[in-house]
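Notes to accompany the following structure.
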Amino acid sequence: MADSKHSHLHSEAEKVWCISIIALTVLVCWRFTQALSFNFTSRGAFPDLYEASVLELQKGLDEGQFSSVDLVKTYFARIEEVNLQGPALCAILELNPSSLSQAAALDKERKLKGKRSLLHGIPVLIKDIIATVSSEGMNTTAGSFGLLGSAVSKDAGVVKRLRKAGAIILGKTNLSEFSDFRGNLTSGWSARGGQCTGAYFPHADPCGSSAGSAVAASIGLAAVTLGSETDGSITCPAGNNNLVGIEPTLGLTSRAGVIPISEHQDTIGPITRSLADAAIVLSIISGRDPADNYTFAQPPVVPDYTNALRKNSLKGKRIGVPRRVFMDNSIDTRDPYVVSAFERAIETIKRLGATVVDPADLPSADEIALAFPNETLVCAVDFKIQINAYFNSLLTNPTGVRSLADLITFNDAHPHIEKPDNFTSQSTLIISETTNGRNATFFKTLAYNKEIGATRGIDAALDERMLDALVLPAAGYSLATTPAALAGYPIVTVPLGFYPSTQPIRQAGPLTFYPAPGIPFGLSFIGTAFSEFELIGIAYAYEQRTKTRLTRRAFEAAIPKTQLKDVVGKH
Ligand SMILES: *[C@@H]1O[C@H](CO)[C@@H](O)[C@H](O)[C@H]1NC(C)=O
Ligand SMILES: *[C@@H]1O[C@H](CO)[C@@H](O)[C@H](O)[C@H]1NC(C)=O
Ligand SMILES: *[C@@H]1O[C@H](CO)[C@@H](O)[C@H](O)[C@H]1NC(C)=O
Ligand SMILES: *[C@@H]1O[C@H](CO)[C@@H](O)[C@H](O)[C@H]1NC(C)=O
Ligand SMILES: *[C@@H]1O[C@H](CO)[C@@H](O)[C@H](O)[C@H]1NC(C)=O
Ligand SMILES: *[C@@H]1O[C@H](CO)[C@@H](O)[C@H](O)[C@H]1NC(C)=O
Ligand SMILES: CC(=O)N[C@H]1CO[C@H](CO)[C@@H](O)[C@@H]1O
Ligand SMILES: CC(=O)N[C@H]1CO[C@H](CO)[C@@H](O)[C@@H]1O
């Protein structure tokens, strides 16, 4: 009270001085906060989504630096920049209209109860053959208009596991239509998605069939992705897009709810930027599924594959080089750049403490080189049976396609969408349709394939020389994946090298075929059934020593610019 009286005694000059001080203080405080907040972001406190690992994202989510809603919005913006605009990579087919609300719910749950797993609130992109329940709003089509609008009643087995772990399915990725089982078409092309191209050279052949998943992972359009492999479809795009790919043992991951080629060869696996991320994803998607009884062949307990991530894993290991499989007639495996990078990799593997046995050929190497017609026979017979069962399992299909025969007719009846110029072939579908079930020839051939892949193939090579794994280039379009494909055995692929900037372009045009300037290629470690834990350890030791992925980036226009800083706190 007394003070208020006193205040009347202030002179006019004092008043002005006082106001100035207050104004100055406000200004200084404001500038200081501005500077602080600016430097907070400019110091790179947000992970760069081009390379961000699952653990880095979990750290930011746990610390409340950003939310899963922020992550979904940022990835959506990054996809928008490069998918149809700019370099038009055509890697993504559809976005999940429910992902923002799912992310909000998962953010809330994290605050209340903590995270369910290392994939809690992490956006994942999946190949368009992996079913997601239709009520969520996405199609599952294998890239075909023949399945557009078709309704599945359930998530695929691997999707159920992802969701239980708290992952967010961000969208579906483009692919070679029907996982490359339609006809003689370029890799990464589907009628619905158009031609997917790689991010390391304009119009680059991305390799397939999991092309969109690989291209998306290569430039950070999601944290991690899933692909599938029947023979080469994870390994090749992982290698050609500077990524890690794991093709698991047949029966480690469920194929329930996946648009099939062959139950005797199909597998679902991660395509990621690092072994650490791949190990996290594989640990979550592996496991038994009553809806795919092949999964009952796996050991009773799925290991936590992240425990395999030890830099000394190559110490004391015996690694074999099956020269005759990879020195086949394909251009890339005899390419001097691939061969010299591979020879350097062998030296690195030795320096990391392993004994390299070279050569360590598969006794069946000559038969592997001729295996294609027999592999195709098994796949063609299986495809007809399994795709018909898939069509049958649909709740509805507005296109009316309910069998393989219908699909062929549908493609012929809608040439403007399913058979555009240069993409008319459906020869593989037609061959498959001519088969008549699993007869005596089929079972004989299947047994023969298993024998040359496993018994007289990978297992013979490993056992005869007491090896832990085989190593060879994951070069695109070669026989390098065939023994493992026939055997149902695992392959773990890591970046090996890049074509030089001076590499001549083999064929220009709508698609610049491999090789091309700066195009990556991979290194594959192959083992016996359910040896993923050992292979991940071995590949991790190599990855951590070389860090090849970080030595080259995508071409400038293919690198999305939107980052978390552009989204966090902005509405
Ligand atoms: C499938 O795609 C169509 C056409 O793009 C779209 O209208 C629809 O919402 C999508 N989802 C489902 C579940 O059909
Ligand atoms: C596949 O198509 C390409 C390009 O049209 C052609 O050169 C090649 O001969 C075809 N291969 C087969 C097996 O039909
Ligand atoms: C899966 O079930 C089918 C029939 O239900 C059976 O023929 C087949 O042998 C089983 N496969 C495995 C790996 O258990
Ligand atoms: C079809 O392929 C030829 C040869 O590669 C190319 O010149 C032409 O532009 C292609 N047409 C379309 C529509 O992609
Ligand atoms: C079994 O089916 C395949 C594929 O249709 C065919 O090539 C083969 O001749 C058949 N074998 C027998 C014994 O009928
Ligand atoms: C294909 O499989 C049959 C068994 O059905 C086998 O006798 C034959 O040698 C195989 N062909 C090749 C080229 O390996
Ligand atoms: C307070 C502070 O560190 N300010 C710095 C923030 O970053 C800008 C630009 O990098 C610098 O100019 C400021 O000095
Ligand atoms: C999410 C997205 O961009 N989807 C596009 C995939 O490609 C087809 C064909 O170009 C487009 O119609 C989709 O909008």
Side-chain angles (χ1 to χ4, degrees), residues 83-84 92-99 126 128 130-156 159 169 171-174 176-177 180-195 205 208 257 259 262 264 329-331 372-386 388 394-399 401 404-405 414 417 419-449 477 506-514:
N83 200 44
L84 301 181
I92 314 300
L93 262 178
E94 281 192 27
L95 300 175
N96 181 358
S98 308
S99 53
I126 63 176
D128 189 44
I130 305 172
T132 47
V133 63
S134 303
S135 55
E136 185 183 38
M138 280 189 291
N139 291 276
T140 304
T141 68
S144 165
F145 282 104
L147 279 161
L148 186 59
S150 66
V152 298
S153 60
K154 291 194 284 260
D155 283 331
V159 172
I169 312 298
K172 296 285 178 78
T173 57
N174 199 6
S176 313
E177 191 170 313
D180 204 18
F181 213 70
R182 190 185 114 156
N184 181 21
L185 297 169
T186 53
S187 269
W189 180 85
S190 74
R192 280 193 67 213
Q195 179 64 61
D205 180 353
I259 298 175
S262 165
H264 297 101
N329 287 324
S330 56
I331 292 174
F372 185 69
N374 272 353
E375 182 181 16
T376 307
L377 171 75
V378 167
C379 289
V381 170
D382 276 346
F383 181 75
K384 183 177 176 183
I385 296 167
Q386 294 184 243
N388 282 338
L394 295 172
L395 298 176
T396 57
N397 190 5
T399 65
V401 173
L404 176 53
H414 300 87
I417 48 173
K419 296 173 98 180
D421 280 359
N422 290 353
F423 300 103
T424 56
S425 179
Q426 57 170 339
S427 54
T428 316
L429 298 184
I430 291 166
I431 289 168
S432 179
E433 178 57 23
T434 65
T435 65
N436 284 303
R438 296 177 180 133
N439 61 20
T441 312
F442 172 90
F443 286 110
K444 203 167 154 225
T445 307
L446 178 64
Y448 181 84
N449 287 352
Y477 308 118
R506 182 143 64 96
Q507 183 185 328
L511 195 60
T512 304
F513 287 104
Y514 175 89

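For clarity, every value in this text was computed on a predicted model and none was experimentally measured. In listed order, ligands and their atoms are each counted from 1.
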Within-cut-off N or O pair, T434 and ligand 5, under 3.5 Å: no
Atoms of ligand 5, numbered as shown, that sit under 4.0 Å from any heavy atom of T435: 5 (O)
Side-chain heavy atoms of R182 within contact of T428, under 4.5 Å: no
Donor-acceptor list for residues 140-147 side chains, cut-off 3.5 Å, not counting sequence neighbours:
| residue | atom | partner | partner atom | Å |
| --- | --- | --- | --- | --- |
| T140 | OG1 | T132 | N | 3.3 |
| T140 | OG1 | K172 | NZ | 2.9 |
| T141 | OG1 | D128 | OD2 | 2.4 |
| T141 | OG1 | G143 | N | 3.0 |
| T141 | OG1 | R192 | NH1 | 3.0 |
| S144 | OG | G146 | N | 2.9 |
| S144 | OG | E418 | OE2 | 3.4 |

N/O donor-acceptor pair under 3.5 Å between N96 side chain and I169 backbone: yes
Gap between atom CD of Q195 and atom OG of S176 - 0.5 Å precision: 8.0 Å
Neighbour list for ligand 1 [protein residues, heavy atom under 4.0 Å]: E94, S134, G137, M138, N139, L148, G149
Numbered atoms of ligand 2 (with element) below 4.0 Å of N184, judged on heavy atoms: 1 (C), 2 (O), 3 (C), 8 (C), 10 (C), 11 (N), 12 (C), 14 (O)
Per-atom contacts of ligand 5 with N439, taking only distances under 4.0 Å to non-hydrogen atoms: 1 (C), 2 (O), 3 (C), 8 (C), 10 (C), 11 (N), 12 (C), 14 (O)
Donor + acceptor pair across side chains of D382, S262 (<3.5 Å): yes
Which atom of S432 lies closest to which atom of A380, heavy atoms considered: OG-O, 2.7 Å
Close side-chain approach of P420 to W189, heavy-atom, < 4.5 Å: yes
Between N449 and E375, a side-chain donor and acceptor under 3.5 Å: no
